[in-house]
Amino acid sequence: MTEPSSAPATPKDFIREIIDEDLASGKHSGTVTRFPPEPNGYLHLGHAKSICLNFGIAEEYGGRCHLRFDDTNPTKEEVEYVESIKTDIHWLGFDWGEHLYFASDYFEQLYEWAVHLIRSGKAYVDDQTAEEIRKSRGDLQTPGTESPFRDRSIEDNLELFSRMRAGDFADGEKVLRARIDMSHPNLNLRDPVLYRILHAEHHRTGDAWCIYPMYDYTHGQSDALEHITHSLCTLEFENHRPLYDWFLENLPVPSLPRQIEFSRLNLNYTVMSKRKLLQLVTEGHVSGWDDPRMPTISGIRRRGYPPEAIRSFCKTIGITKFESTNDFALLEASVREVLNRTASRYMAVLDPIKVVLTNYPANFVEEMEAMMNPEDPEAGSRNVPFSRELYIEREDFMEVPPPKYFRLSPGTEVRLRSGYFIRCEEVIKDDAGEIVELRCTYDPETRSGSNPPDGRKVKATIHWVSASHAVDAEVRLYDRLFASEFPDRGEGSFLDHLNPDSLKVLSNAKLERNLSSAEIGETVQFERLGYFCVDPDSTADRPVFNRTVGLKDAWAKAKGQG
RNA sequence: AACUCCGUGGUGUAACGGUAGCACAACAGAUUUUGGUUCUGUUUGUCAAGGUUCGAAUCCUUGCGGGGUUGCCA
């Protein structure tokens, strides 16, 4: 079983090290993890980190990972979310097989265990109001005070709890609490609430219950019932672990899972909390949960990020207990790395300016052969029509070029990608002085594949589209949703930091003919511009493309530095 | 202030008492029919002070700094 020492094993994070130890010591013979979303919202990149961790460990260790919906709060949860969560996990490339569970499946068992706690004097029914309970809990420096109902007899508690279940009481009238220690320095141990009364319709159990277990009372026992070995969650649950363990110690559970906490994913220039994402949607700052600017899984999918890139990103950022903020550039680097290898190349002109080749025959069309992907010779080639009238990118021409500008300008020559050398002979403007057309000549001896016999060179190659063959399209240019690196920090609302230029719609883009057959969801490269994904808003005669991410742009950088 | 977790280049992450490495970012150069890709090189780091040790990012102490916790949310 020993690896040859020559293999530079990728360093393991502290969680995998713990698993290794547990396997080596015989504490566990296998590994079972779980991903436990609450079905009250859409999954985002933070969840992706947890999904990659839990399902990734299951794959690596030949174990399994359960998908368990933590559905203990009927007032917030909906079936709609259950389905979207399943879709997103599958899209990320993971599968729970037959191990789909719901915490609500355990309601009866959980109830019996609550009775068990009451019988052993470790739980009681409290008649105090929410407000009274809050006040008597004390605070970070002050111990709490015990409830006047704390010492009810076991018989009374049994009777009352049974009547709570039977619906004899109104919402909030009573709760079941654990009987632990009202002066414990960890507030979670100050007689936490186990059950509350909620006369609400549950998405799975309907009206079978009017009392619902709290997260703390549910999670660990669900883990134990499923024989989860390692229950991985984020840092904010660290203070809950003593309570998690308390239940396992005081209940006849079938297994002893271990909770381990790691730091959640933070990304700059975005927000990740469900509440804030929901706010962006409900207040209309974005078009929906799947707006391509959203850090939701459905958003990045629509944006065109490949799942492989998300997985590699999660591998790159690692797992630690240190609360850190990851650079958005790291995510984009993962996206570019995958797309550079896999995306087909096409030409598209986003902001067109017409070029007429005065020495090229009218009504003549040549089919130029172009590589589908220079990084992947197997991808083959495509034909691109070439003719007398073309479009080129407006920013690929400058009448008065600054130093180091390699593209087209009056009198200079560039290569058209997969086409010919052209030289700009004349600039045509309208009355307003706006450039409307360039008159150029082409060199017949420079057809793609051959260079001019006189050995002359050009300093740039630019993209183009044949005017008569062009497909009209809308292109949506996305930028980061927030202008500030940490929208959460500082005074005021995070909404104050929204980037007003996060979406720019170009409605006059001209695409290479071959792009008309691109399918919704497909991500391609527009040469020299970036990666673009076909949006579901596309129609048969008018495709819509979303910019996934731009190519690195050394010129923009040089220009910016002036 | 109580409890608790955590501090390694600009960012993220390794090094498990023995040469502080990798990725991203930045910068410089080479290649290039994408100012992309690829390749090469450069800059930048162990929070602080003591202690243990032949030797400390690592162990100990203290200090400093950051996160989390006062829902009948998860």
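A, B, ... follow the sequence lines: proteins, then strands. Residue 1 opens every chain.
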Show each protein N/O and nucleotides 3-7 of chain B N/O combination with a separation under 3.5 Å, one pair to a line.
residue	atom	partner	partner atom	Å
B/rC5	O2'	A/E238	OE2	3.1

* To do: Provide, to the nearest angstrom, the distance between the NE2 atom belonging to A/H463 and the P atom belonging to B/rU33.
  => 18 Å

* Asked: Just to confirm, is there a sub-4.0 Å distance from OP1 or OP2 of B/rU13 to any side-chain nitrogen or oxygen of A/T320?
  -> yes

* Structure fact -> Across all chains, not counting sequence neighbours, the salt bridge (charged side-chain N to carboxylate O under 4.0 Å, His left out) partners of A/D139 are none

* Structure fact -> Sorted by chain and number, sequence neighbours left out, side-chain contact (heavy atoms from CB on, under 4.5 Å) with A/P242 holds for A/N186, A/L189

* Asked: Mind checking what makes side-chain contact (heavy atoms from CB on, under 4.5 Å) contact with A/D105, not counting sequence neighbours?
  -> A/F102, A/R204

* Distance test, side-chain N/O of A/S324 to OP1/OP2 of B/rU13, below 4.0 Å -> yes

* Asked: Looking at residues at least two apart in the chain, or sitting in another chain, which of them share a side chain to side chain donor-acceptor pair (under 3.5 Å) with A/R480?
  -> none

* **Any residue meeting ring pair (Phe, Tyr, Trp, His ring centres under 6.0 Å) with A/H240, in chain and number order, not counting sequence neighbours** => A/F237

* RNA chain B contacts among residues 135-148 of chain A, heavy-atom distance under 4.0 Å -> A/R137, A/G138, A/D139, A/L140, A/Q141

* Considering only NZ, NE, NH1 and NH2 on the basic side and carboxylate oxygens on the acidic side, decide whether A/R456 and A/D443 come within less than 4.0 Å. => yes

* Are A/E527 and A/Q525 close enough that a side-chain donor and a side-chain acceptor fall under 3.5 Å? -> no

* If a pair satisfies ring pair (Phe, Tyr, Trp, His ring centres under 6.0 Å) and one of its residues is in residues 312-331 of chain A, list it, with sequence neighbours excluded. => none

* Salt bridge flag under 4.0 Å for residues A/E512 and A/R382 -> yes

* Sugar-phosphate means primed atoms, P, OP1 and OP2; the rest is base. With that split, encode nucleotides 35-45 of chain B 5' to 3' as B, S or - using protein heavy atoms under 4.0 Å. => BBS--------

* Starting at the 5' end of RNA chain B, what dot-bracket string do you get if Watson-Crick and G-U pairs under 3.5 Å are bracketed, crossing pairs use [ ], other-strand pairs use | and unpaired bases use dots? -> .((((((..((((....[..)))).(((((.......)))))....(((((..]....))))))))))).....

* Structure fact -> Across all chains, not counting sequence neighbours, the side-chain contact (heavy atoms from CB on, under 4.5 Å) partners of A/R394 are A/D351, A/I353, A/E434, A/I435

* Structure fact -> A/R137 meets the salt bridge (charged side-chain N to carboxylate O under 4.0 Å, His left out) criterion, sequence neighbours left out, with none

